[in-house]
Number of protein chains: 2
Amino acid sequence: MKVLVADDHAMFADGIQLILESEKDLEIVGKCYDGKSVINFISNHKIDIILLDVNLPDINGVEVCKEILKIQPDLKVIAITMFNEESFIEEILNNGAKGYILKNTGRDELLKAIRTVAKGESYFSKEVTESIMKSLMNKRKAGSKTINELPKISRREKEVLKLIIEEFTTQEIADTLYISLKTVESHRASLLSKLNARNTAGLVRIALENKLLDGVKIEN
Amino acid sequence: MKVLVADDHAMFADGIQLILESEKDLEIVGKCYDGKSVINFISNHKIDIILLDVNLPDINGVEVCKEILKIQPDLKVIAITMFNEESFIEEILNNGAKGYILKNTGRDELLKAIRTVAKGESYFSKEVTESIMKSLMNKRKAGSKTINELPKISRREKEVLKLIIEEFTTQEIADTLYISLKTVESHRASLLSKLNARNTAGLVRIALENKLLDGVKIEN
DNA sequence: AGAATACCTATGGTAAACCCTTAAAAAAAA
DNA sequence: TTTTTTTTAAGGGTTTACCATAGGTATTCT
């Protein structure tokens, strides 16, 4: 299997090379030290696996991942970073990476990751998995650092809010709900007041950020 | 340790009771078959661990979880369901559950889950972990079923969009950026056109849904 | 049962957003 | 260097959103 190593720390890339050299089934076909040369290399060579550092000097690792998968969709991308940052992990997994390991990963785990991903499966180190799970559990808590204690939105207000977010005008909302234009305006006013928003933009932002519409029935 | 089992399928609750009976350190102090009785029980008894079915007949499991943690914040909640649904898992973990296991979990894993959570750690079965990881990888793909191919938003347009989302009026944006009101209106118009939005609400929704503001510098 | 609170309804007036068109200087891309 | 995109700006008009206020109806609390 042809492997490409992309990392701006030459020492690290060399270390990986040493590890892979002793393996008969793996062959390092290149080393890149920045995003542009990675994209260039992928355009000109057919490889199987890339070990991609998320923090390359020129281009964001996520962007590099997107680009090279456009060029060669069946390429297996394993992301590597120094840090166990949940946001990085989530972002790059969303963009096609098949695995994610940390730089302090040992020889055995590195080889296991490569061979697992090569088979078409995904691989995540235990630390990474734990990190994701923890962040899943703390998302809401972290988000509510400004303990906004949003007041309760009434049923009708939620209906109006839902339609606002769907780009209905006040008149259209009135027609949809069979109530007066002025009534809808009144609901808008109380929404603005309750959610502490100045205008429609704030209404939509606050509603989406706090997932206020979860649980509103959609009757189509 | 005092354990409460909450599941509307009596057979299942009984099964758990049988498993736990043979363990000296675990004691089932009650069984509940709906959300209301769970909340009621927690209000009147001090327990250590609850095995909570996510799909109770009357109240949504997530709501039950929220409520009982308000009453007894140090209570350890282990969510149980039939299905390996990522949305359920994420939702209930966000609301304080310490573990998540499936109903086809074996005796040993059930006990391991309870004892792990009792120690203050978290527990997730292998299947659940895999499910989360997979959904993490497929989120973007699923969301982009309507391949919207959003056109490029220029630098200035992004600045305007950012301020719109922050509830600035057109006049305020003009003052902030030291440009004319009419110029800002012009930018708004091209944003509406480019993002295919009908009004401010759509602008905000589309921007937030597509994370268009990621990478916009905040110079304060 | 009575009071307080929250909800849904509605009005007139004012402020802001949106539409259509045109256009020139500046910057970026081909 | 030429072409395209971006940023700037304007007039003039229409539509929509927001403000202050208020009455009748549920709902909840005491």
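In the text below, chain A, chain B and the rest are named by the order of the sequence lines, each starting its count at 1. Please read all numbers here as calculations on a predicted model, not as lab measurements.
No donor-acceptor distance shorter than 3.5 angstrom exists from the side chain of Gln17(B) to the backbone of Ile28(B), with no hydrogens or angles considered. Between the side chain of Ser193(A) and the main chain of Ala189(A), no donor-acceptor pair closer than 3.5 Å is present. Judged by distance alone, with hydrogens and angles left aside, the side-chain atoms of Thr105(B) form no donor-acceptor pair with the main-chain N or O of Ile101(B) at under 3.5 Å.
Per the geometry, CD1 belonging to Ile153(A) stands 15 Å off C1' belonging to dC8(C), to the nearest Å. Atom CG in Leu177(B) sits roughly 10 Å away from atom P in dA9(D) (whole-Å rounding). Here dT11(C) presents its C1' atom at 15 Å from CD1 of Ile179(A), a figure rounded to the nearest Å. Between the P atom of dC18(D) and the CG atom of Leu195(A) lies a distance of 12 Å, rounded to the nearest Å. Here the C1' atom of nucleotide dC8(C) and the CD1 atom of Ile173(A) are 15 Å apart, to the nearest Å. Rounded to whole Å, the distance from OH on Tyr178(A) to P on dT9(C) is 14 Å. Rounded to an integer number of Å, the gap from Leu191(A) CG to dT9(C) P is 13 Å. Spacing between atom CZ of Arg156(B) and atom C1' of dA25(C) amounts to 15 Å, rounded to whole angstrom units.
With respect to the salt-bridge test (charged N to carboxylate O, under 4.0 angstrom), the residues Lys46(B) and Asp74(B) qualify.
Just one of Asp48(B), Ile50(B), Ile42(B) meets the side-chain contact (heavy atoms from CB on, under 4.5 Å) condition when paired with Gln72(B); it is Ile42(B).
The number of heavy atoms from other shown groups lying within 6.0 Å of NZ (Lys36(B)) does not exceed 12.
OP1 or OP2 of dA9(D) has at least one side-chain nitrogen or oxygen of Thr183(B) nearer than 4.0 Å. Here His187(A) reaches the OP1 or OP2 of dT9(C): one of its side-chain N or O atoms lies under 4.0 Å away. Residue Ser190(A) places no side-chain N or O under 4.0 Å from the OP1 or OP2 atom of dC8(C). For Arg155(A), a side-chain nitrogen or oxygen approaches OP1 or OP2 of dC8(C) to under 4.0 Å.
Within the structure, salt bridge (charged side-chain N to carboxylate O under 4.0 Å, His left out) pairs that include any residue of residues 166-183 of chain A comprise Lys162(A)-Glu166(A), Glu167(A)-Arg205(B), Glu172(A)-Arg198(B), Lys182(A)-Glu185(A) (at least two apart or interchain).
Taking five base pairs at each end of the helix from dA1(C)-dT30(D) to dA30(C)-dT1(D), the local helix axes there meet at an angle of 70°, rounded to 10°.
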### Task
Just do the side-chain hydrogen bond (donor to acceptor under 3.5 Å, both in side chains) check on Ser122(A) and Tyr100(A) with the steps written out, would you?
CA-CA 9 Å; Ser122(A) 301; Tyr100(A) 195 103; over 6 Å; no
### Query
Going through the checks in order, is the side-chain contact (heavy atoms from CB on, under 4.5 Å) test met by Leu75(A) and Ile49(A)?
CA-CA 6 Å; Leu75(A) 180 59; Ile49(A) 291 176; 5.7 Å; no
Below 3.5 Å between N/O atoms, which protein atoms pair up with nucleotides 17-23 of chain C? Just atom names and distances, please.
unit_1: dA17(C); atom_1: OP2; unit_2: Thr170(B); atom_2: N; d: 2.8
unit_1: dA17(C); atom_1: OP2; unit_2: Thr170(B); atom_2: OG1; d: 2.8
unit_1: dC18(C); atom_1: OP1; unit_2: Thr200(B); atom_2: N; d: 2.6
unit_1: dC18(C); atom_1: OP1; unit_2: Thr200(B); atom_2: OG1; d: 2.8
unit_1: dC18(C); atom_1: OP2; unit_2: Arg188(B); atom_2: NE; d: 3.1
unit_1: dC18(C); atom_1: OP2; unit_2: Arg188(B); atom_2: NH2; d: 3.4
unit_1: dC18(C); atom_1: OP2; unit_2: Thr200(B); atom_2: OG1; d: 3.3
unit_1: dC18(C); atom_1: N4; unit_2: Glu185(B); atom_2: OE2; d: 3.1

